[in-house]
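To start, the structure under review is shown below, and the notes come after it.
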Amino acid sequence: MVHPRHLYVHVPFCARRCAYCDFSIAVRRVVPHEEYVASLQRELVQRFGDDEPWTLDTLYFGGGTPSRLGPEGVSSMLSLLRRRITLAPGAEVTLEANPEDVTDEAVAAWAEAGINRLSLGSQSFDDRVLAWMHRSHDAAAIPRAVEAARRAGIENFSLDLIFALPEGVERSWETDVARALELEPSHLSLYGLTIEPHTPMSRWQRRGELTESADDRYEFEFLHAHDALSAAGLEHYEVSNFGRPGRHSRHNSAYWLGVPYAGLGPSSHEFDGHHRRWNVAAYVEWMRRLGEGHDPIEESEELTSDNRVAEQVYLSLRTLGGLAVNGPEIARVSVWVESGWARWVAPDRVVLTPLGWLRLDALAADLTLVRSHY
Ligand code: SF4
């Protein structure tokens, strides 16, 4: 087996569920980090046996809220993994963190253990909005976290922001973008709010207490972020992501390039270039199966050639790398270019503009249809 150069580890713990969140999480007041790391060890041994350590270019701890593991939990998780993997020189090692967890003590221990990039779940700088979303931190915690990270030598950090909040929620998106820029992040990820089933927000919607954001608010905020962040030197390199030169997310870029990656932890996904597999989502079930010596896999699938075509079109159009087109696709894409949705970066390579990214799903489906018919 050739081991992937990229590994994702899902850490499911959260202090409470945010009102919009439908991720696979385990709400715990006290995080059982020893129990979690012991299960991770079982999965590592079960999946990769006694193989020689293999080399990673990127390692990403996502969740959930991996920072809830605290200084000790993150350190023991990394020392467990380092028995099986070697980090390539300059490897990117990211920890998703909520601002209130980034104390001087914690971030110093994470940096010592090998974390060199933080992805901070900030979402907004407005306390009313944070409370409305049921976030567990206030706005003041965000600059405090950034300062602590810098004191520990972690300059490479990303901020997450949520836009397109429902009608009736007072929020100045322009102020939030400006406050984020004041912190001089190396990276920003934007998420347009969608109301997912089985979330507290979907219940509020059913009770008529909120209405999803209108398309024009979504479009205005997306385009404003593009203009403001680009003007500040952050490249809009993927539909939802902005980075300074040399600070694009290398881990997420691997997903968009369609290269193999491994996954550990509940609900983690893995791709070997031909097959995709994913683990059971529930933490307790993942742990139970590993404790009984069973594979925690939920399902797997082999990508068909149609799947591959659709994925390649969709993933390529997401990024500034763009998509090579030929034959009858050229005429179709020329219409997009005339509409301001795309631009040619070479005679046979197209990249979507921000206006095109607002129509990403429709354009990708349109081109997939053309591509699968010749
Ligand atoms: S912290 Fe993140 S993963 Fe946890 S509930 Fe909130 S949005 Fe979901």
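For this chain, numbers begin at 1 and follow the sequence in order. In listed order, ligands and their atoms are each counted from 1.
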> What atoms of ligand 1 come within less than 4.0 Å of a heavy atom belonging to Tyr20?
Replying inline: 7 (S)
>> Connecting only ILVMFWY residues whose side-chain heavy atoms lie within less than 4.5 Å of each other, what is the rest of Ile25's hydrophobic cluster?
In response: Phe23, Val27
> Are Glu196 and Thr194 linked by a side-chain donor-acceptor pair shorter than 3.5 Å?
Replying inline: yes
> Salt bridge check: are Arg288 and Glu285 linked by an N-O gap of less than 4.0 Å?
Replying inline: yes
Extract all donor-acceptor atom pairs below 3.5 Å that involve side chains of residues 119-130 and protein atoms in other chains or at least two apart in sequence.
| from | atom 1 | to | atom 2 | distance (Å) |
| --- | --- | --- | --- | --- |
| Ser122 | OG | Asp160 | O | 2.9 |
| Ser124 | OG | Asp126 | N | 3.0 |
| Ser124 | OG | Asp176 | OD2 | 2.8 |
| Asp126 | OD1 | Arg128 | N | 2.8 |
| Asp126 | OD1 | Arg128 | NE | 3.3 |
| Asp126 | OD2 | Arg128 | NH2 | 2.9 |
| Asp127 | OD1 | Ala139 | N | 2.7 |

> Tell me, which protein N/O/S atoms are under 2.8 Å away from atom 4 (Fe) of ligand 1?
Replying inline: Cys14 SG
> Looking at atom 2 (Fe) of ligand 1, what's its closest protein heavy atom, distance included?
Replying inline: Arg135 NH1, 4.1 Å
>> Within the 3.5 Å criterion, strictly below it, is a donor on Ser75 or Glu112 matched to an acceptor on the partner's side chain?
In response: no
>> If the threshold is 4.0 Å, N to carboxylate O, is there a salt bridge linking Asp366 and Arg359?
In response: no
>> Which residues pass the side-chain hydrogen bond (donor to acceptor under 3.5 Å, both in side chains) test with Ser213, not counting sequence neighbours?
In response: none
